Amino acid sequence: MLTGLSIRDFVLVRALDLDLGGGFSALTGETGAGKSILMSALGFALGGRGGQGLIRPGAEAAGVTASFDASPDHPVRALLSARGVESDADEPLVFRRVVRKGGPARAFLNDQPVSAGLLEEAGSLLADIHGQHEGLGLLNPSRHRVLLDAWAKSEALLAETSRAWVSLRAAEDARTALEARIARAASERTWLGHALDELDSLDPHEGETQKLALDRATMQAGERVAEAIDAAAHQLSKANIENALANASRAVSRALSAPGLTGEGASSELAVRMRAACESLERAMIEATEARGALDAAASACEFSPAALEASETRLFALRAAARKHDVDPDQLAALRKRLRMQLDEIEHSDGALAAAQEAEGKARAAYDAAASQLTAKREAAAKKLAKAVACELGPLKLEKAKFRISVTPRGEAGPNGRDDVAFEVETNAGAGYGALDRIASGGETARFALAVSVCLAGSSPAGTLVFDEADMGVGGAVAAAIGERLALLGKAKQVLAITHSPQVAAAASRQLKVSKADAGGETVTSVDMLGAKARKEEIARMLAGASVTKEARAAAGRLLAGA
């Protein structure tokens with residue numbers, strides 16, 4: 001429901017703030033006072049066209065703000081959430097539109113910048129505007145299917161059809177992808193067989209290349225160690241160190257047995273040094289023997305095998321060559337082998353796999369066809385009932401010669417919402433043929449058609465606010481009274497705003513707002529006043545009598561209000 005409308009410097013309106021309630025509100029006033037400006041302002045706030053001509057003369061910018069109450073589960077909440085617009089379920093939705101001199105119109109929703117298209121899409125879920133000007137609601141053919149489905153209570157069938165559509169598309173995609181893989185694989189069957197024979201012969205394993213490289217490095221290090229041990233042993237053997245030390249030790253020992261160097265008195269410095277030399281030679285002999293033993297032990301511990309190194313290198317080079325051939329990392333050869341095997345198996349078993357995919361697609365298509373057919377049947381039945389109900393409303397609205405129908409026709413392409421296009425069509429003159437409401441009907445007729453349809457759709461449309469611009473155009477008396485009755489009936493389920501010149505329509509409203517125009521400081525400005533009981537009777541009397549209000553007009557106004 002529209003809870004507030006604030007207008008600033010919009011056409012003739014300098015500043016206007018309206019607090020609106022539920023039910024049926026009538027907007028009245030003399031011709032040219034600016035009643036339609038209010039509807040234009042609301043349309044502008046909800047994403048309608050905006051231009052420099054909307055700015056009040058002398059002002060720098062024009063702005064309109066419209067506030068709506070919407071329940072937490074209202075479809076507009078889901079729409080805004082999907083579009084990334086934050087909204088608190090307990091707070092109103094605030095639509096704001098501003099156009100400045102020399103600049104384009106800007107749009108905001110809950111103070112977040114949005115596109116005019118999103119404003120219009122969200123606004124269409126909250127308000128239907130019907131009249132002689134561009135509006136939302138019935139003049140938007142894309143909403144006709146939504147309105148019919150809501151009236152027919154097709155939510156369950158719509159959900160089933162949508163699920164079946166998703167399953168069908170998934171099955172189609174799976175079958176198409178399988179066919180593409182089979183076609184590619186079939187063209188490479190010979191190559192696949194040859195490549196698999198080579199890989200099977202090579203028999204690569206995951207992580208094998210890394211292990212071979214590590215083993216190779218270890219064995220190459222072992223080869224260098226063995227060479228070093230052999231070189232050291234060779235040098236010891238070549239130098240014959242043990243024999244040289246033994247001979248030197250024996251020579252020193254003989255020298256120590258010379259007179260003067262033995263016995264108790266042999267304490268000369270020479271004797272001491274000779275004995276130290278002998279001891280050093282003995283220790284060197286022991287160390288040389290131990291060095292020879294250590295080299296022999298190291299040689300036996302070094303397990304280097306030239307044959308093993310050669311075998312490892314041959315395997316590693318073969319894996320790397322195969323990887324270069326297939327343009328993959330060597331450690332991916334095992335995965336490649338599996339993938340090629342799957343492709344070849346897919347070719348060899350393609351008939352069965354493709355038949356299974358086609359069968360799955362066929363089942364999914366049958367499920368979608370069944371759901372879509374039920375949805376079509378429900379729409380066709382609902383279209384007849386709704387058209388019949390609307391037809392019953394046309395006579396009292398002085399559209400007895402007009403015809404209304406809802407066409408349900410096959411779409412060019414099926415989709416998640418079924419296979420139907422839905423269009424509300426009218427024929428205003430016998431034999432003229434049916435056509436879209438906005439192309440066939442005049443402004444006043446459009447509003448009355450919209451009124452008739454809205455009466456029948458009341459309760460099923462998510463829009464809680466209905467706005468009518470002169471639905472009583474060109475009619476009076478009983479027809480105007482019938483229009484007032486229907487607007488009042490709509491007001492029990494929706495918030496209804498109606499611009500009217502008819503006293504019968506105004507009297508049927510639960511409240512009345514008077515739009516007037518006056519000069520203020522050399523400017524013409526429009527204002528709106530909520531009328532009390534006395535002022536309302538006087539306004540309806542003016543509508544009955546014209547410029548000069550008589551007692552009879554006031555009495556008639558009283559009777560209209562009492563009758564309403």
Side-chain angles (χ1 to χ4, degrees), residues 24 128 130 135-158 161 372-411 417-442 444-463 466 468 471-472 474-475 478-494 496 498 508:
F24 170 27
D128 278 342
H130 310 286
L136 309 170
L138 297 181
L139 299 188
N140 186 352
S142 65
R143 293 201 59 215
H144 293 174
R145 180 193 59 77
V146 177
L147 292 171
L148 179 63
D149 284 339
W151 187 81
K153 294 180 172 57
S154 301
E155 294 84 359
L157 260 180
L158 274 169
T161 303
S373 295
Q374 291 181 54
L375 186 56
T376 297
K378 191 174 184 69
R379 283 171 176 161
E380 290 174 344
K384 291 178 181 178
K385 291 180 181 179
L386 180 56
K388 186 176 181 180
V390 172
C392 293
E393 294 291 328
L394 296 180
L397 298 177
K398 203 177 179 181
L399 292 170
E400 61 276 352
K401 294 183 179 180
K403 296 180 181 179
F404 176 84
R405 74 179 184 187
I406 302 174
S407 67
V408 180
T409 56
R411 296 187 61 194
N417 294 317
R419 300 176 298 198
D420 311 310
D421 278 326
V422 176
F424 293 176
E425 298 176 335
V426 299
E427 182 184 63
T428 55
N429 297 302
Y434 285 88
L437 185 61
D438 58 340
R439 290 193 296 105
I440 299 297
S442 65
E445 289 172 333
T446 298
R448 278 180 279 154
F449 268 113
L451 175 57
V453 175
S454 296
V455 168
C456 297
L457 290 177
S460 62
S461 171
L466 303 177
F468 294 90
D472 53 358
V475 300
V479 177
I483 292 174
E485 290 173 4
R486 280 151 181 78
L487 290 172
L489 178 63
L490 272 178
K492 294 180 179 180
K494 305 279 186 177
V496 178

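Everything numeric here is computed off the predicted structure, so don't read it as measured data. No hydrogens, no waters, no symmetry mates; every other heavy atom, side chains included, goes into these values.
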Next on the checklist: I'd like to check the side chain to side chain donor-acceptor pair (under 3.5 Å) partners of R405; sequence neighbours left out, ordered by chain and number.
Outcome noted: E425
Next on the checklist: Holding to side-chain contact (heavy atoms from CB on, under 4.5 Å), I want the full list of residues that pass it with V146, two or more places apart in sequence or in another chain.
Outcome noted: none
Next on the checklist: S407: which residues meet the side chain to side chain donor-acceptor pair (under 3.5 Å) condition with it, sequence neighbours left out?
Outcome noted: none
Checklist outcome for this item: salt bridge (Lys or Arg N to Asp or Glu O under 4.0 Å) pairs touching residues 376-386, sequence neighbours excluded, are D149-R379, R379-D420
Item to check | P462: side-chain contact (heavy atoms from CB on, under 4.5 Å) partners, not counting sequence neighbours | outcome: H74, P75, L125, R143
Checklist entry - Under the side chain to side chain donor-acceptor pair (under 3.5 Å) test, which residues partner T409, sequence neighbours left out? => result none
Checklist entry - With a 4.5 Å limit on heavy-atom distance, are the side chains of R486 and P396 in contact? => result yes
Item to check | Distance (rounded to the nearest 0.5 Å) between L394 CG and L451 CG | outcome: 10.0 Å
Checklist entry - Is any side-chain heavy atom of W151 less than 4.5 Å from a side-chain heavy atom of I406? => result no
Item to check | Spatial distance of atom CG (N417) from atom OG1 (T161) [nearest 0.5 Å] | outcome: 8.5 Å
Checklist entry - Should the pair F424 and F404 be assigned to parallel (<30°), tilted (30 to 60°) or perpendicular (>60°) ring geometry? => result perpendicular
Item to check | Flag side-chain contact, heavy atom, 4.5 Å: V453 against H144 | outcome: no
